[in-house]
Amino acid sequence: MSPLDDPNTMRRHLLEWYARHRRHLPWRETADPYAIWVSEVMLQQTQVATAIPYYTDFIRRFPQPADLASADVQEVLKRWEGLGYYSRARNLHRAAGIVVSRFAGRVPDDPDAFRTLPGVGEYITAAVMSIAFNHMLAVVDGNVKRVLARLLEMDTPVNHSRAYKEFKKPAAQLICPQRPAAYNQALMELGALVCRPGKPTCDACPLTGLCLARRHGTATAYPRRLAAKKVPHRHLIVGIILKKDKLLVQRRPENGLLGGMWEFPAAPTNRKKETHQSVVDALAQRTGLTVQVERHLSDIRHAYTHFRLTAKVYLCRHRAGRVRIKEAGSHRWLKRRALDGLPLHKAARKCLDAASAEVEKKVDLNE
Ligand code: SF4
């Protein structure tokens, strides 16, 4: 017998466990659909502990959709800095504008209407609409997939393109019709606290008597997963270019990876070893500037979802020329301190950290 044969027992055990063991998280202390929406967007790609201070800061600064809608997107990105996946912040900002203009500033409680907002997909719709308005929509995230895979011994790999559809079927059968909000959160919480990746703590699990994987001793064999593809490795030359006491920064185009975030001029390279001349040539091609390379500062590494990056960071001096950067949204020459007010993506922040001490020394010598 599986939980699908007796969903009521499973729901009862799960909800009783949740009432006793749930974590007290800031977004669980509110019934405001907008705050719940912000939290779900943040939590989509971010760990709970990381998300908490960002969420608290974001809601304090933008307590209502109207506050977010009227803010400059650059400020929104600045508050999102470090969380990554910046399209989430840009979409949330655009969506808040639509909530204000089309829904009188209130998050619509109609899933079809909510689903039309930028950045709102099936997961966010199910999560926000169930938690905020008790709509009977089952959530399927990584935690839920893992619990269901074990509970029902589901062989569909959780990273397969059809996984969402496959897991949605039992998720929709099991959801508690009377308490969808609590049920969805309980199932996600069980995945986060008990039915964890690696070794689940089945002895502490409220579903231990119902779980097929537990019964058959196969818990660690689930969830199934397709072998991860090898991600490509990109190499960049990054120029920290000083002109008197100012540094050149550029904004990435609005759409695309890290859209709207700021960074230092960079050029791809496939050379194992750079010479000062190759750095000068690469940066000239990228920026239109003639620079003098002062020194190699550091190699920084960063991992994105689809590729890994190694950036060779060089401190350079501007010698001649005007900036011409085709791909960038815009550029600025700014003092070191002013960079703290810009939304820099994580790799750019690492480059700045690698350069800061040296830049400050050079600027002092100039003064
Ligand atoms: Fe996961 Fe173990 Fe609970 Fe099954 S019994 S749902 S494997 S924690």
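Atoms within a ligand are numbered from 1 in the order they appear, just like the ligands themselves.
In this structure, Y55 has its ring center closer than 6.0 angstrom to the ring center of W27. Side-chain rings of F307 and Y304 approach one another, their centers coming within less than 6.0 Å.
Set against the non-hydrogen atoms of P200, the atoms of ligand 1 under 4.0 Å away are 8 (S). Near R150, the atoms of ligand 1 lying under 4.0 angstrom from a non-hydrogen atom of the residue are 7 (S). Close contacts of ligand 1 with R214, meaning ligand atoms under 4.0 Å from a residue heavy atom, involve 5 (S). For ligand 1, the atoms lying closer than 4.0 Å to a non-hydrogen atom of C202 are 2 (Fe), 5 (S), 7 (S), 8 (S). When each atom of ligand 1 is checked for a heavy atom of T208 under 4.0 Å away, the hits are 5 (S).
With respect to T269, the side-chain hydrogen bond (donor to acceptor under 3.5 Å, both in side chains) criterion is satisfied by exactly one of E274, H235, R234: E274. Of the options R251, R349, R252, R332, a salt bridge (Lys or Arg N to Asp or Glu O under 4.0 Å) to E263 is made by R252 and by none of the others. For the side-chain hydrogen bond (donor to acceptor under 3.5 Å, both in side chains) with E153, the qualifying choice from R224, H216, R215 is H216, the only one to do so.
A perpendicular orientation is assigned to the rings of H318 and W333, their planes being inclined by more than 60° (bins at 30° and 60°).
Atom 4 (Fe) of ligand 1 has as its closest protein heavy atom C211 SG, 2.4 Å.
Taking the side chain as every heavy atom from C-beta outward, I300 and T310 never approach each other to under 4.5 Å.
With a cut-off of 2.8 Å, atom 1 (Fe) of ligand 1 has an N, O or S atom of C195 in range. Residue contact annotation: C205 places no N/O/S atom under 2.8 Å from atom 2 (Fe) of ligand 1.
Contacts between A213 and ligand 1, counted as non-hydrogen atom pairs separated by less than 4.0 Å, are absent for every part of the residue.
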